[in-house]
Amino acid sequence: MDNELNELYQQVILDHNKNPRNFGTLDHCTHEAEGFNPLCGDKFDVQMEIDGNVIKKIMFNGSGCAISKASASIMTTIIEGKTVEEAEKYFEIFHDLITSAPDAEIDEDALGKIAVLAGVREYPSRIKCANLAWHTMHNAIIENHDTITTDK
Amino acid sequence: MINDINKIRQDFPILAEQVYGKPLVYLDNAATTQKPQIVIDTLRDYYLHENSNIHRGVHRLSQIATDKYEAARETVREFINAKFTDEIIFTAGTTASMNAFAYSFAKAYLKPGDEILISHMEHHSNIVPWQIACKDCGAVLKVIPIDDNGELMLDEFEKLISPRTKIVSLVHVSNSLGTVNPIQHIIAKAHKQNIPVMIDAAQSIQHLPIDVQKLDCDFLVFSGHKIYGPTGIGILYGKKKFLDEMPPYQGGGDMILSVTFEETKFNVLPYKFEAGTANIAGAIGLGEAIKYVKNIGLDFIATAEGELLDYATSLANEIPEIRIIGTAKEKSSVLSLDVKGIHPHDIGSILDRDGVAVRTGHHCTEPIMRRFNIPATTRASFSFYNTKAEVDALFASLQKVIKLFA
């Protein structure tokens, strides 16, 4: 398999796709939003329990391709336990990464777990897949309840 | 005529392209077909030597362009065996044809409570224009269900058709299932109750012989780009007796006889439905594409594509992870696949890196996806210019996907 495909479908992504973390619904949820990609039908709900300023719990539910699902799963493992400001900061870091040039240098230390999604940059048609859960999380935080779509 | 596949492939320069350093395996023919050199040359020559506006100028180029445009109309008429050349209306494509038709037919004939009968396997372009029309005129959309093989439930059709039915609008070949519908039978049944029938031939015109007089369909639509012609050109065929009664869809130049601020007299057919400067090059290109298809021969096309579909179907059936969506007895060259647990967009990306172009998604047929409880399919669609080696490449790549996601 060629290198770019290996970059996109890394073991970490395949693993998160197969065994998504924090997949399901919260009993007690303070913030939630729905994300939908009409291009491919990917659909995810993101639910959070925010106590004071801390995201105590985050779960996602729905269906989509491996990239969207793995991205959502990875996101929840990063966001859980963080403050709202930290979550928004990660949203920005992720957004900057995914919209950077495919050959732009990446700072793996700064990106942490997000770095595995860098391969998506090679596939412009798949960036919306990777984006979906992140935008949905952001919408849940800012309490925008319109279904967000990444097909823009 | 004996066709040599290598020679045929040379007619389509794009087939020699490489994608990511691998030979292009183009299996997205139901989305759009590639163009033979003769069509490309025709477009180029038109813009190089003949470009001008039609039906207007008295100058030489305008006459050439007008003659060629009208000759293309005659080529289309002959191809579908319409009775009159002015029953052939040029549009921007199937979707444009359907919108013009639904609007105009509804204005002329539909009243509150009237029913429009479509099927569960329609493309969105044979659903949404009707929904818009229904909102305007108060008519109601009724849907013929399909079974698990993706075939129309004809007994349900018989129950749904009634004196309230004012039009049956049906796809000939399903773009996402490949089902070939028994349109001759449906037209005959509808006509027994004096109900006109519209046939969406977007996915059949390039595969099956169509004779509108023999079928006795009242309307038929298709796109140029799916029959090896350019994009942005399509056909709305209608029986003169209806088209004469139907109001124009758009107003403007070319569709009028005379205009004052008080009153406009509409032009005769087909110009009544062709407002504005048409896609002249596109129409001429479509004419050439049809001549090319006739030269290849619809018999040859049916045989070649039938062999490819049978071969691909047998390979798909050997792989336990693969389920074919659309297993009708009569199928055209579409193979829609559900690969267990793997999203079609992941499949599409991996196939793409092997140079294999397929369509992944809902194919503008969301009701079908819901019917089969899947978000999307991976669709390979074949043309006579494809080879068994290309089908092998598709399945080699699919095996790679299955292994990766195991």
Side-chain angles (χ1 to χ4, degrees), chain A residues 1-20 23 34-45 60-73 98 102 116-133 149-151, chain B residues 18-23 28 31 124 127-128 176 321 325 336-379 393 396-406:
Chain A
M1 186 165 301
D2 61 45
N3 287 337
E4 277 142 10
L5 263 185
N6 277 336
E7 276 285 298
L8 183 63
Y9 292 101
Q10 294 182 43
Q11 276 311 316
V12 180
I13 286 183
L14 293 171
D15 174 53
H16 274 272
N17 175 52
K18 216 169 178 181
N19 308 297
F23 190 73
E34 187 179 72
F36 178 56
N37 183 349
L39 184 73
C40 51
D42 288 1
K43 201 171 178 180
F44 288 110
D45 295 328
F60 78 105
N61 203 358
S63 65
C65 64
I67 304 303
S68 62
K69 201 173 193 179
S71 182
S73 171
I98 215 89
V116 296
L117 291 160
V120 178
R121 297 177 301 170
E122 286 282 349
Y123 296 78
S125 63
R126 307 300 302 279
I127 288 171
K128 288 171 192 162
C129 309
N131 263 339
L132 184 60
T149 74
T150 53
D151 189 33
Chain B
Q18 299 226 322
V19 177
Y20 309 111
K22 290 172 184 155
D28 196 15
H124 294 166
I127 302 172
V128 184
S176 45
E321 289 86 351
I325 305 296
S336 243
L337 304 174
D338 176 42
V339 187
K340 202 178 176 182
I342 310 174
H343 195 283
H345 276 203
D346 296 315
I347 298 171
S349 283
I350 294 168
L351 263 53
D352 176 47
R353 292 286 156 160
D354 284 339
V356 180
V358 294
R359 173 85 185 265
T360 54
H362 54 58
H363 319 298
C364 298
T365 55
E366 285 188 36
I368 292 183
M369 300 300 124
R370 273 192 284 277
R371 170 68 177 76
F372 287 94
N373 202 21
I374 44 176
T377 74
T378 301
R379 181 189 72 184
S397 201
L398 282 170
Q399 290 283 17
K400 200 156 111 181
V401 175
I402 291 166
K403 208 172 141 204
L404 184 70
F405 280 84

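Side chains are part of it too, since the values below use all heavy atoms of this structure and drop only hydrogens, waters and symmetry mates. No experiment lies behind these values; they were computed from the predicted model shown. Within every chain, numbering begins at 1; the chains are lettered A, B, ... in the order of the sequence lines, protein sequences first and strands thereafter.
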Can you tell me how far [atom2] of [Y] sits from [atom1] of [X], rounded to the nearest 0.5 angstrom?
X: B/D346; Y: A/L8; atom1: CG; atom2: CG; answer: 8.0 Å
X: A/Y9; Y: B/I350; atom1: OH; atom2: CD1; answer: 4.5 Å
X: B/H345; Y: A/S68; atom1: NE2; atom2: OG; answer: 10.0 Å

### Query
More than 12 heavy atoms of other residues, nucleotides or ligands under 6.0 Å from CG of B/N373: is that the case?
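Atom CG in B/N373 is not packed in, count stays at 12 or less.
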### Task
Identify the heavy atoms of B/R353 and A/E122 that sit nearest to each other, and give their distance.
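The pair with the smallest heavy-atom distance is NH2-O, 3.4 Å.
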### Task
Pick one of side chain, backbone, both or neither for A/K69, based on which atoms fall under 4.5 Å of a heavy atom in chain B.
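A/K69 has no heavy atom closer than 4.5 Å to chain B.
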### Query
Under a 4.5 Å heavy-atom cut-off, does chain B meet the side chain of A/L14, its backbone, both or neither?
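Answer is side chain: those atoms of A/L14 sit under 4.5 Å from chain B.
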### Query
Side chains of A/N17 and B/H343: closer than 4.5 Å at any heavy-atom pair?
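No, side chains not in contact.
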